[in-house]
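Have a look at the structure below, then the notes.
Computed from heavy atoms alone, side chains included, the values below leave out hydrogens, waters and symmetry copies. Order of appearance sets the numbers: ligands from 1, and atoms from 1 within every ligand.
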Amino acid sequence: MISLNRSCFLSNPGISGTRSPFSHSQKRRSAPLKVVALGTNAARTGERNGSVVMENTAKEAVELKSTVHGGVKDVYGEDTASEDQLVTPWSVSVASGYTLIRDPHHNKGLAFTEKERDAHYLCGLLPPVVISQELQVKKMINAIRQYQVPLQKYIAMMDLQGRNEKLFYKVLIEHVEELLPVVYTPTVGEACQKYGSIFTNPQGLFISLKEKGKILEVLRNWPEKNIQVIVVTDGERILGLGDLGCHGMGIPVGKLSLYSALGGVRPSACLPVTIDVGTNNEKLLEDEFYIGLRQKRATGQEYAELLQEFMTAVKQNYGEKVLVQFEDFANHNAFDLLAKYGATHLVFNDDIQGTASVVLAGLMSSLKLVGGSLADHTFLFLGAGEAGTGIAELIALEISKQTNAPVEETRKKVWLVDSKGLIVSSRLESLQHFKKPWAHEHEPVNTLVDAVNAIKPTVLIGTSGVGRTFTKEVVEAMATNNERPIILALSNPTSQSECTAEEAYTWTQGRAIYCSGSPFPPVEYEGKVYTPGQSNNAYIFPGFGLGLIMSGTIRVHDDMLLAASEALASQVSGEDYDKGLIYPPFTNIRKISAHIAAKVAAKSYELGLATRLPEPKDLFQYAESCMYSPTYRSFR
Ligand SMILES: O=C([O-])CC(=O)C(=O)O
Ligand SMILES: [Mg+2]
């Protein structure tokens, strides 16, 4: 193990982040870099940057060292600390031998070449055979297919991620349609429900009330320093499964693996975070395997202060351009957090904004099948939370842009039903603030089926988190009023879907344009096969995030969501339409993400919110060139 003085490496452009964050595209052979904090309980290891090289010789190191006092960030407070203050003795070394094959960032398993085995003290630690990464992929997918139970597949994939990161991403990318439901929705939902029982190696960063007052220090415990995307949850509304407390960690981990696989953001630039303020889930509080704080949720000022400290620490540690994606917060916090931090941070709420953008894309493309413009349609939602009101607002905004009518007018095309019935003006006083814009003039209507009959929507969208609420009666009413009813059953996971694909096709005699949030297999109805679409924000957030990051965007703007929707809709092919699909298949998702990233970045430049200058000439090509590739690198 070669150890090098920390300060010279922290001022190395390759480590401190002044080099392009996407430097993996540089074709340099890399040595596996290991960072070790001495004198602490745990050794922290990690790839500093996909292509950090060790050829920064003593000369270069001395030159770099001499710049320490010239403006290089004193990340650890070492230079400014007074003598009695404690500092962390960071050091940097090259991983080799046993440490190397235990390091998921660099491990290649049986794919280490003879030369690498010689150079890195691996002889004897691996059996003699050397195989290609392609063969490893084949072996892994075969192994996954042996498992009958989805949760076992999930565990096998998480295990792989913790053992050999590049292989994990290569398997996932090359079998994306098959493995998306494994590492993501719906299986991730079951994983969260059983997280305590299946928990082995911790993933992500757990920030609980115990860490209050020292969140900045906790962030610094994470081995990676150049973070570009954080997905954070407080676990209060995990998919449609409710409060899963600290067990919600599966969600940020899953979302970020999609950021890398689908959007090409480097895994080492991604940070999953769970904020643990307790849980109100009694079953979890009594569960002996629960991994979180065993207390009721903190609320009010205590909650707000923890979130404020977190958001401040994030900006302080990672700068202005780190993207914070809020995920699966309860309604009562989600809207407020987005409004509060939207003004000061680069934040994005996937459940409000990502879902809105993906649904709008589907509606734009569905017009090719049903005709007319968006303004010609009438939309009815079951569920008036984050997803429902988020989608509703983006539809109204798009219609307003298309027709030049004020958004207050275009909102009238959109109706929402919540647990108390149709949202109407007589309920205004008692409505939560995010529902108020949707309280239109109408007599009270108590049930969904009555609302369908009264409003006569052309589009029915389920975002309630409650399964089986699009009953036969509801779907039949849609089919009576429309030649081709658009029915989107968006709640996740599969158990919470408002109706199944089979129900939608059967009850409409195959006329429905149906999509769900969680995937359903094709359905055969009267001799014809119908392929349902999946309207899931996974189409949007990876490309959207890439677009923000690659342009150095500092704030999210609604027009970027519209740009993402248009980009996604433009990727639906004639062949897809012929099959009745309104989304492209996930097989091409990396190309789709690059298109979305390019359009989002273009909008950001147009709005003056992008800081990466000059603007690249061809943003699509630039997006593709930025994308992480899971192909092994050669070690010297
Ligand atoms: O995770 C998903 O599949 C979609 C989503 O954001 C949610 O349902 O909360
Ligand atoms: Mg979500």
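Ordered by chain and residue number, the residues placing a heavy atom less than 4.0 Å from ligand 1 are Y184, T185, R237, L239, K255, E327, D328, D350, D351, N492, N536, N537.
Side-chain atoms of N588 never come within 3.5 Å of backbone atoms of K591 as a donor-acceptor pair (strictly under, hydrogens ignored). In this structure, the side chain of D276 engages the main chain of L293 through a donor-acceptor pair within 3.5 Å. A donor-acceptor contact shorter than 3.5 Å is absent between the side chain of E327 and the backbone of P252.
Looking at T378 and T458, their side chains never bring a donor and an acceptor atom within 3.5 Å of each other. Neither side chain, Y583 nor N536, offers a donor N or O lying under 3.5 Å from an acceptor on the other. No donor-acceptor contact under 3.5 angstrom links the side chains of K283 and Y290, judged on distance only.
Between Y259 and F541, a ring centre-to-centre spacing shorter than 6.0 Å is recorded.
Residue L205 comes nearest to L271 through the heavy atom pair CB-CD1, 4.1 Å, listed as atom of the first residue, atom of the second, then distance. Between S260 and Y628 the shortest heavy-atom distance is O-CD2, 4.2 Å.
Residue-and-atom listing of protein N/O/S atoms under 2.8 Å from the Mg ion (ligand 2), sorted by chain and number: E327 OE2, D328 OD1, D351 OD1.
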